[in-house]
Amino acid sequence: MSSASASARARQPARRRLPVWSVAALAVVGGLAIGRFVTAGNDGTPASSPAPPAGAPEGPADEIGALEAAVATNPEDASSWRQLGSAYVRQAIETGDPAFYGLAERAFAEATELAPDDPTILVGRGALALSLHQFDEAELLGQKATAALPSNADALGVLVDAQVELGQYEAAAETLQAMLDARPGLPALSRASYLRELNGDLDGAIEAMRRAVVAGTSSPFDRATVTTLLGDLLRTEGDLDGALANYDEALELVPGLTLAELGRAEVLAAQGQHEAALEIVEEVVARFPVPTALTLLADLQHVTGDLAGEAETAELYRVTATLQEDAGQIVDLEAGLFEADLGDDPQRAVELAQLAYDARPENVFAADALAWALLQAGDPEAAVPFAEQAVRLGSAIPFLQYHAAEVFAAVGDDERATEHLEQALVGGPAFSIRYEEAAAALAERLGVSVPEFS
């Protein structure tokens, strides 16, 4: 067992109702979690690397054990250190345990010391920077890696993700095309899906993600991840049965996969089965108190009237955000949105969202967070330009469209409010557990029809 695994267990709370501490966010936003990296030559083609032990499991936790044993046996093996660093990053994403970030940094430092000219180490370090939301650093590492390995899909993937998170959407599309040309497989297709979703092409996003699922990979974890992401897209479209089928398939591949479990809970909540959804989320956060799970738990507590539990979850979220920050992760955007929805200090939400926007002024989510925080703080006029910026791509992401609709409605611009609310409600009002009733009420006032979900 790794020392990080042990520390994660030691921090688990005794009470089941309390979440313990995703992606995410989660970590890496804008694409898959961290994929497997292979040693590559300077032309970007895979070179031979040590085979995993016979029967080695494919999940991050089990992979860590095998790789820790490998570096203990041969501490001069730079490749194993690099792979261990990547496995630690994957485990940080899955569990939300910030301790793995420090372990990943040390593993990459060992790899760099042993093989300072190996550009694939830059790829691993870039993935770590993405997970920490250090997107300027990730872009720099991605540029260096692609300069050395111009045809390496993993290096291009780091650069695509960094460019997306910095709001460099046109540059990201160009880099993605190079990635598709280099290796039109699951990682590139999943990123193509995300860019299509960002640009308002939900049908195209679903098509690309289906192709990613078909493309497959030797890793059950990665197959389960893209299957879950397809479920998320179907849920956005309003196809709850299709979404649930994908989440169940993902859980067959990787039992207990956090994002798939949360997806199932979202479907149940959309169907009005709030208690069943609560049970799932409470079980998830008892294992991994990831921010996405904490947010969903707070939303479910809100709609079921458990305001004391909601307040407790909010405090735990803030504690975990502090732990993330202590580990070097930048969480201003997520924390700003959380405080705008649950906090009792609207100005604090504005301050956090402003920090996120200042760091990434071209990113649509940073603009959205600031617009929403300003609206919640009672300044809709100031929110308007940021809401406009947030929806400039026509994104097929419901909460971006809903936030903009509320901003425009607050300043009396019913025409634009109607336009964006219609886009938010493509899959029905259940895109947001917390704001489902508010979205339905706004739809009624504006005369917007609410589609039924399947």
L84 side, atom CG; R106 side, atom CZ - distance, nearest 0.5 Å: 11.0 Å
W372 and H403 aromatic ring geometry - parallel, tilted or perpendicular at 30°/60° bounds: parallel
By side chain to side chain contact (heavy atoms under 4.5 Å, CB included) - contacts of D414 (at least two apart): R445, L446
Residue from Q329, H133, E334 passing side-chain hydrogen bond (donor to acceptor under 3.5 Å, both in side chains) with Q324: Q329
Those residues that, when tested against Y247, pass ring-ring contact (aromatic ring centres under 6.0 Å, His included) (two or more places apart): none
Side-chain donor-acceptor pair present, E94, T258, cut-off under 3.5 Å: yes
Partners meeting side chain to side chain donor-acceptor pair (under 3.5 Å) with D136 (sequence neighbours left out): none
Side chains of E310 and Q301, donor plus acceptor under 3.5 Å: no
Listed partners of E105 passing salt bridge (Lys or Arg N to Asp or Glu O under 4.0 Å), at least two apart: none
Heavy-atom pair with the smallest gap, counting every atom of L337 and D368: CD2-OD2, 4.0 Å
Residues forming a side chain to side chain donor-acceptor pair (under 3.5 Å) with E388, sequence neighbours excluded: R416
Test side-chain contact (heavy atoms from CB on, under 4.5 Å) applied to L141 and E137, step by step: CA-CA 6 Å; L141 290 166; E137 176 69 8; 3.7 Å; yes
Residue pair Q401 / S395, side-chain donor-acceptor N/O under 3.5 Å: no
With sequence neighbours excluded, residues passing side chain to side chain contact (heavy atoms under 4.5 Å, CB included) with D332: E325, I330, L352, L355, A356
Verdict with reasoning, D97 to F288, per side-chain contact (heavy atoms from CB on, under 4.5 Å): CA-CA 8 Å; D97 186 347; F288 305 135; over 6 Å; no
Candidate pair L278 and L297, rule side-chain contact (heavy atoms from CB on, under 4.5 Å), full reasoning: CA-CA 7 Å; L278 262 172; L297 177 60; 3.6 Å; yes
Qualifying residues under side chain to side chain donor-acceptor pair (under 3.5 Å), relative to E197, sequence neighbours excluded: none
Residue list, side chain to side chain donor-acceptor pair (under 3.5 Å) with R223, at least two apart or on another chain: none
Centroid separation F399 to F431 less than 6.0 Å: no
Atom pair CZ/CG of R82 and L122 - distance to nearest 0.5 Å: 11.0 Å
Residues in salt bridge (Lys or Arg N to Asp or Glu O under 4.0 Å) contact with E406, at least two apart in sequence or another chain: none
Smallest separation among heavy atoms of A188 and L180, with atom names: CB-CD2, 3.6 Å
Aromatic centroids of Y402 and H420 separated by under 6.0 Å: no
Geometric class of the Y194/F365 ring pair [parallel <30°, tilted 30-60°, perpendicular >60°]: parallel
Return all side-chain donor-acceptor pairs below 3.5 angstrom for residues 205-216, not counting sequence neighbours, or 'none' if the list is empty.
none

Presence of salt bridge, R90 and D222, under 4.0 angstrom: yes
Spatial distance of atom NZ (K144) from atom CZ (R125) [nearest 0.5 Å]: 7.0 Å
Nearest-0.5 Å distance that lies between atom CG in L342 and atom OG1 in T295: 7.5 Å
side-chain contact (heavy atoms from CB on, under 4.5 Å) between F100 and V89, worked out: CA-CA 7 Å; F100 285 105; V89 174; over 6 Å; no
Value rounded to 0.5 Å, distance of CD in E174 from CG in L159: 10.5 Å
With D248 via salt bridge (Lys or Arg N to Asp or Glu O under 4.0 Å) - residues at least two apart: R264
From CD (E282) to CG (L296), nearest 0.5 Å: 10.5 Å
A390 versus L400, closest heavy-atom pair with distance: O-CD1, 4.2 Å
Residue pair S449 / L425: nearest heavy atoms and the distance that separates them: O-CD1, 4.5 Å
Between R196 and S193, a side-chain donor and acceptor under 3.5 Å: no
Derivation and outcome, side chain to side chain donor-acceptor pair (under 3.5 Å), residues Q389 and Y357: CA-CA 11 Å; Q389 192 174 356; Y357 180 81; 2.9 Å; yes
Under the salt bridge (Lys or Arg N to Asp or Glu O under 4.0 Å) test, residues paired with D341 that sit two or more places apart: none
Atom CD of E351 with >12 non-hydrogen neighbours under 6.0 angstrom: yes
